[in-house]
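Order of the sequence lines sets the chain letters (A, B, ...), proteins ahead of strands, with each chain counted from 1.
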Amino acid sequence: MPEVPNDTNNRISNESERRSDAPAERSLNFIEQIVEEDIASGKNGGRVHTRFPPEPNGYLHIGHAKSICLNFGLADKYGGKTNLRFDDTNPVTEDTEYVESIKADVRWLGFEWENEFYASDYFDQLYAFAENLIQKGYAYVDDSTAEVIAAQKGTPTEPGKDSPYRTRSVEENLDLFRRMKAGEFPDGAKVLRAKIDMASPNMHFRDPIMYRIKHAHHHRTGDAWCIYPMYDFAHGQSDSIEQITHSLCTLEFEVHRPVYDWYIEKLGIFPSRQIEFARLNLTYTVMSKRKLLQLVNEGHVSGWDDPRMPTIAGIRRRGYTSASIREFADRIGIARRDNLIDVGLLEFCIREELNKTTTRVMAVVDEQPIKVVLTNYPEGQVDEVAIENNPEDHESGHRNVPFSRELYIERDDFLENPPKKYFRLSPGGMVRLKGAYIIKCEEVVKNDEGEIVELHCVYIPESRSGSDTSGINVKGTIHWVSVAHTIEAEVRLYDRLLTSEDPSSEDRDFKEFINPKSLEVVRAYVEPSLKTAQAGDRFQFIRKGYFCIDPDSSNEKLVFNRTVTLKDTWAKEQRKS
RNA sequence: UGCCGGGUCGUCUAAGGGUAGGACGACAGAUUUUGGUUCUGUUUGUGAGGGUUCGAAUCCUUCCCCGGCAACCA
């Protein structure tokens with residue numbers, strides 16, 4: 001697990017700050033309404049205690065971020081607490097690597113948990129709960145195979161059938177369950193089931209399995225156990241043990257709620273309340289751990305933290321700030337209807353922040369930039385021109401950038417036969433070099449293949465930025481770097497991971513929609529001030545987008561990730577025609 | 001076909017018997033030494049029918065559509 005860099009934008013506002021910061025009064029989401037009703041009625045003594053319960057079998061993604069912001073945000077808002085609880089009841093898929101990454105991600109998002117718990121902390125207690133239910137006649141040991149149990153379960157439209165083992169005596173059940181625990185039986189030989197109703201219209205009520213035998217090494221309890229509780233027999237009781245007041249989960253657990261309540265009722269323990277909300281779906285990506293794991297294992301991406309991944313680790317490496325993720329979570333809201341959020345909203349959130357905070361720098365992102373030679377500029381002369389660090393922040397000051405006779409500009413910023421509203425450079429045309437002079441293109445130099453290799457231009461000495469007396473008005477301003485002073489860098493340009501807006505709605509497998517151009521690695525020529533930039537530093541490349549230094553970067557070779565492009569109305573217009 | 005949910009601008013999300021509002025997007029304009037930012041304006045919505053009511057997105061009813069549920073996963 002790589003160390004997670006500090007996020008300077010990671011400050012969590014305290015309560016009073018948050019209140020004064022609060023813009024217009026926002027309406028409550030349905031969970032906040034429930035919480036406020038509970039507080040008003042004095043339920044749980046007005047206490048609010050939530051929990052974030054990941055299973056440590058994969059990395060967290062932006063959908064988890066929604067849940068984290070909801071759970072921690074709710075506690076924060078109502079003076080409550082939030083536990084981090086690892087739902088580690090299935091040792092074969094779980095690992096401490098995931099535990100560590102999850103903790104790092106939650107912290108990076110800006111939240112600190114009240115308690116760090118594990119469902120495995122409660123194995124003794126859960127075992128006692130199970131014996132309790134056996135004693136009350138609510139549970140029995142079933143020797144049937146998985147296949148037989150599945151067959152007896154019936155279907156959604158047909159009731160199930162009772163297992164022949166359903167009528168075992170309490171004594172026999174107790175004896176068998178203890179021997180399951182003692183390791184007398186192989187995996188799959190027996191399970192402990194709740195005795196509820198094999199004819200229930202809710203499939204989860206048809207004698208759900210409580211414990212199964214798994215002779216597997218657990219990441220925390222080691223080899224102490226060979227029986228492990230199922231989700232349904234662990235989650236609600238864990239909530240109850242921790243006195244969780246509001247147990248928030250996604251919609252697919254809705255049909256589990258009657259089971260959740262049933263165990264709590266039969267055990268007579270603290271009644272936590274489960275409330276479901278719709279999970280996050282984002283356009284042009286997938287959000288299931290299974291699919292993300294597949295992308296990682298099959299090498300479609302470089303790892304869980306590949307900047308194209310919707311994982312928190314990936315988004316972080318891409319250059320997103322945690323504040324922008326929190327803002328996003330806030331804007332998408334909480335409701336029960338299925339949703340598919342436009343990834344454009346996420347991009348809006350990061351642009352909004354980075355626009356205010358990043359230093360503007362000159363970077364010519366082009367494998368083959370065009371060299372501009374200013375024929376009337378003295379050879380060997382170097383000028384220092386002042387560039388505003390950030391026009392959105394007047395305190396940010398200026399920085400000197402070297403200017404000389406030979407410059408690089410992007411190939412896109414010159415067109416031999418420009419269309420009507422093209423504001424950039426063209427033969428005989430004029431353009432402003434950002435922070436420097438207006439230039440006029442007088443000659444286009446081509447190689448034998450007819451490719452443009454050089455532009456011979458003249459600069460207008462009176463047009464210098466800040467002291468322009470030329471009286472010339474140009475429509476366009478372009479960025480540039482001085483050939484003699486630039487440093488080369490690698491830039492990784494990311495695009496959407498998938499080409500389908502909603503891959504789950506497609507007939508074909510999601511992997512058929514992997515965007516072959518989701519990563520493009522190009523060379524760039526950047527201004528010398530970037531020499532000392534450190535991993536995690538963020539910049540705006542003027543007119544291009546927001547970029548951050550990747551951990552792969554070194555003193556020898558700068559590596560930038562493009563977090564997000566700037567809005568580009570010109571490109572949009574081009575696409576239309 | 002059984003059970004449980006859910007349907008409000010293109011996308012999210014409010015309004016819970018009394019003006020359908022906000023955000024993102026889109027479009028138009030202003031400003032701009034980033035075709036960025038900022039500002040202004042515009043556009044578009046209650047799945048359908050019936051009922052209750054002075055008045056329905058909201059209550060009742062029939063229908064339609066969408067999602068989830070049949071792992072010894074969570």
Is NZ or CZ of [X] both nearer than 6.0 Å to the six-membered ring centre of [Y] and within 45° of the ring axis?
{"X": "R193(A)", "Y": "Y140(A)", "value": "no"}
{"X": "K190(A)", "Y": "F185(A)", "value": "yes"}
{"X": "K181(A)", "Y": "Y127(A)", "value": "yes"}

Classify [X] by what it touches in the nucleic acid, base, sugar-phosphate, or nothing, heavy-atom distance under 4.0 Å.
{"X": "I542(A)", "value": "base"}
{"X": "A146(A)", "value": "base"}
{"X": "I334(A)", "value": "sugar-phosphate"}
{"X": "G435(A)", "value": "base"}
{"X": "L340(A)", "value": "sugar-phosphate"}
{"X": "Y211(A)", "value": "nothing"}
{"X": "K572(A)", "value": "sugar-phosphate"}
{"X": "L566(A)", "value": "base"}
{"X": "P391(A)", "value": "base"}
{"X": "Y231(A)", "value": "base"}
{"X": "E327(A)", "value": "nothing"}
{"X": "N57(A)", "value": "nothing"}
{"X": "G160(A)", "value": "nothing"}

Short side-chain N/O contact from [X] to OP1 or OP2 of [N], under 4.0 Å:
{"X": "T89(A)", "N": "A74(B)", "answer": "yes"}
{"X": "R212(A)", "N": "A74(B)", "answer": "yes"}
{"X": "R432(A)", "N": "U34(B)", "answer": "no"}
{"X": "R543(A)", "N": "G36(B)", "answer": "no"}
{"X": "K567(A)", "N": "U37(B)", "answer": "yes"}
{"X": "R257(A)", "N": "C69(B)", "answer": "no"}
{"X": "R336(A)", "N": "G5(B)", "answer": "no"}
{"X": "Q274(A)", "N": "C4(B)", "answer": "no"}
{"X": "R193(A)", "N": "C72(B)", "answer": "no"}
{"X": "K190(A)", "N": "C72(B)", "answer": "no"}
{"X": "T569(A)", "N": "G36(B)", "answer": "yes"}

> Which nucleotide, in any strand shown, forms a Watson-Crick or G-U wobble pair with C69(B), with both distances under 3.5 Å?
Replying inline: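 With both distances under 3.5 Å, C69(B) matches G2(B).
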Rounded to whole angstrom units, what separation is found between the [atom1] atom of [X] and the [atom2] atom of [N]?
{"X": "L70(A)", "N": "U13(B)", "atom1": "CG", "atom2": "P", "value": "13 Å"}
{"X": "R331(A)", "N": "U13(B)", "atom1": "CZ", "atom2": "P", "value": "15 Å"}
{"X": "E573(A)", "N": "G35(B)", "atom1": "CD", "atom2": "P", "value": "13 Å"}
{"X": "D413(A)", "N": "U34(B)", "atom1": "CG", "atom2": "C1'", "value": "11 Å"}
{"X": "H219(A)", "N": "A74(B)", "atom1": "NE2", "atom2": "C1'", "value": "13 Å"}
{"X": "M230(A)", "N": "A74(B)", "atom1": "CE", "atom2": "C1'", "value": "9 Å"}
{"X": "R575(A)", "N": "C27(B)", "atom1": "CZ", "atom2": "P", "value": "10 Å"}
{"X": "E254(A)", "N": "G67(B)", "atom1": "CD", "atom2": "P", "value": "15 Å"}

> Where do F539(A) and L354(A) land on the side-chain contact (heavy atoms from CB on, under 4.5 Å) test, with the steps shown first?
Replying inline: CA-CA 8 Å; F539(A) 302 93; L354(A) 263 21; over 6 Å; no
> Between N202(A) and A436(A), which is nearer to the 5' end of RNA chain B once each is assigned its nearest nucleotide?
Replying inline: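 The 5'-side residue here is N202(A).
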> Parallel, tilted or perpendicular: which describes the rings of Y437(A) and F403(A), with under 30° parallel and over 60° perpendicular?
Replying inline: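 Tilted.
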